[in-house]
Amino acid sequence: MIAVTDTHSLLWYADPRAHRKLGRNALLFFQRVDRREAAVYVPALVLAEVGELAHLGRIDLGVPFTDWMDGVFSNACILSQPLTHEIVRTAHNLFAIPERGDRLIAATAAALDVPLITRDPEIASCANVALLW
């Protein structure tokens, strides 16, 4: 199984102390990723958002951002997903999602035709993708 992660989901997965914030199915999925039984795409926009949040002091990663990224991608089943023209084309049809970042993350899941790991069911619904939470 493969899915796309939203920003908050990735942050909560990457911090074992925050696993309780994840929905049951999201946590089970990330545990499968840990065991290399599933894979998760991390949109480039998610990485940019985490970097900005850390830079602004809104979150504390506990290590420099680049070290945090290295830790996340040390698992071969966590895959970076670039922003492609196909994703932007898909996002162009998702203006029901008002926030650009959410729209592009949801479009990533839609373009790849995989579930979206997010606690926001409206975003998944607008993108017509399965919600994994």
Side-chain angles (χ1 to χ4, degrees):
M1 181 169 200
I2 300 174
V4 167
T5 185
D6 199 350
T7 306
H8 63 274
S9 304
L10 179 64
L11 285 169
W12 295 341
Y13 158 68
D15 180 359
R17 298 167 300 173
H19 283 186
R20 61 180 167 67
K21 294 181 179 182
L22 289 166
R24 182 181 185 279
N25 292 327
L27 179 58
L28 290 172
F29 180 82
F30 278 122
Q31 289 170 340
R32 290 184 67 201
V33 171
D34 284 340
R35 293 189 307 266
R36 314 273 196 285
E37 298 169 357
V40 64
Y41 283 106
V42 179
L45 184 64
V46 166
L47 297 173
E49 286 182 352
V50 171
E52 287 180 18
L53 290 169
H55 175 75
L56 295 171
R58 290 184 167 172
I59 60 171
D60 179 9
L61 299 173
V63 296
F65 173 66
T66 54
D67 293 344
W68 180 87
M69 275 199 321
D70 290 345
V72 167
F73 289 108
S74 66
N75 180 335
C77 291
I78 301 176
L79 312 168
S80 177
Q81 176 58 47
L83 182 61
T84 65
H85 73 279
E86 292 91 359
I87 292 169
V88 172
R89 179 188 312 260
T90 301
H92 188 72
N93 296 315
L94 299 178
F95 281 101
I97 303 171
E99 186 180 319
R100 179 180 357 141
D102 288 342
R103 191 167 47 252
L104 289 168
I105 292 166
T108 301
L112 296 173
D113 194 25
V114 298
L116 178 60
I117 306 170
T118 185
R119 69 177 174 180
D120 190 337
E122 189 172 321
I123 292 171
S125 176
C126 288
N128 198 28
V129 296
L131 172 69
L132 187 55
W133 193 249

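Counting from 1, the numbers follow the sequence of the chain as shown. FYI, side chains are in, hydrogens and waters are out, and symmetry mates aren't considered; it's all heavy atoms of this structure.
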key: Spacing of Arg20 atom CZ and Asp15 atom CG [to the nearest 0.5 Å]   = 9.0 Å
message = Please determine whether side-chain contact (heavy atoms from CB on, under 4.5 Å) holds for the pair Ser80 and Tyr41, giving the CA-CA distance in whole Å, both sets of side-chain angles, and the decisive distance to 0.1 Å.
response = CA-CA 6 Å; Ser80 177; Tyr41 283 106; over 6 Å; no
message = Could you check whether any side-chain heavy atom of Tyr13 comes within less than 4.5 Å of a side-chain heavy atom of Val33, counting everything from C-beta outward?
response = yes
Within 6.0 Å of CZ in Arg35, more than 12 heavy atoms from elsewhere = yes
message = Quick check for you: to the nearest 0.5 Å, what is the distance between Leu116 atom CG and Ile105 atom CD1?
response = 8.0 Å
key: Side chain proximity check, Leu11 to Val50, heavy atoms < 4.5 angstrom   = yes
message = For the CD atom on Glu37, are there more than 12 heavy atoms of other groups (residues, nucleotides or ligands in this structure) within a distance under 6.0 Å?
response = yes
request  = Write down the atom of Trp68, the atom of Leu10, and the distance for their closest heavy-atom approach.
outcome  = CH2-CD2, 3.7 Å
Side chains of residues 125-133: which donor-acceptor partners sit under 3.5 Å, not counting sequence neighbours?
none

ask   = Does any non-hydrogen side-chain atom of Asp6 lie less than 4.5 Å from one of Ile117?
value = no
ask   = Which atom pair, heavy atoms only, marks the closest approach of Pro43 to Val4?
value = CG-CG1, 3.6 Å
request  = Determine, stepwise, if the pair Val88 / Leu83 fulfils side-chain contact (heavy atoms from CB on, under 4.5 Å).
outcome  = CA-CA 7 Å; Val88 172; Leu83 182 61; 4.0 Å; yes
ask   = Any side-chain heavy atom of Leu112 within less than 4.5 Å of one from Ile87?
value = no
Which donor-acceptor pairs under 3.5 Å do the side chains of residues 89-103 make with protein atoms, sequence neighbours left out?
| unit_1 | atom_1 | unit_2 | atom_2 | d |
| --- | --- | --- | --- | --- |
| Thr90 | OG1 | Glu86 | O | 2.9 |
| Arg103 | NH1 | Ile97 | O | 2.6 |
| Arg103 | NH1 | Pro98 | O | 3.3 |

task = Give the minimum heavy-atom separation between Thr84 and Gln81, together with the two atoms involved.
result = CG2-NE2, 4.0 Å
key: salt bridge (Lys or Arg N to Asp or Glu O under 4.0 Å) contacts in which one or both residues fall within residues 47-69, not counting sequence neighbours   = none
task = Measure across Val46 and Thr5 and return the closest heavy-atom pair with its distance rounded to 0.1 Å.
result = CG2-O, 3.6 Å
query = Are Leu28 and Met1 joined in one hydrophobic group, where the rule is that I, L, V, M, F, W and Y side chains link up if heavy atoms are under 4.5 Å apart?
reply = no
key: Which atom of Phe29 lies closest to which atom of Ala39, heavy atoms considered   = CZ-O, 3.2 Å
message = If I take atom OG from residue Ser74 and atom CE from residue Met69, how far apart are they, to the nearest 0.5 angstrom?
response = 12.5 Å
Closest approach of Leu47 to Phe65 (non-hydrogen atoms, all atoms of both residues) = O-CZ, 3.4 Å
note = The reported gap from CH2 in Trp12 to CG in Leu27 (rounded to nearest 0.5 angstrom) is 12.5 Å
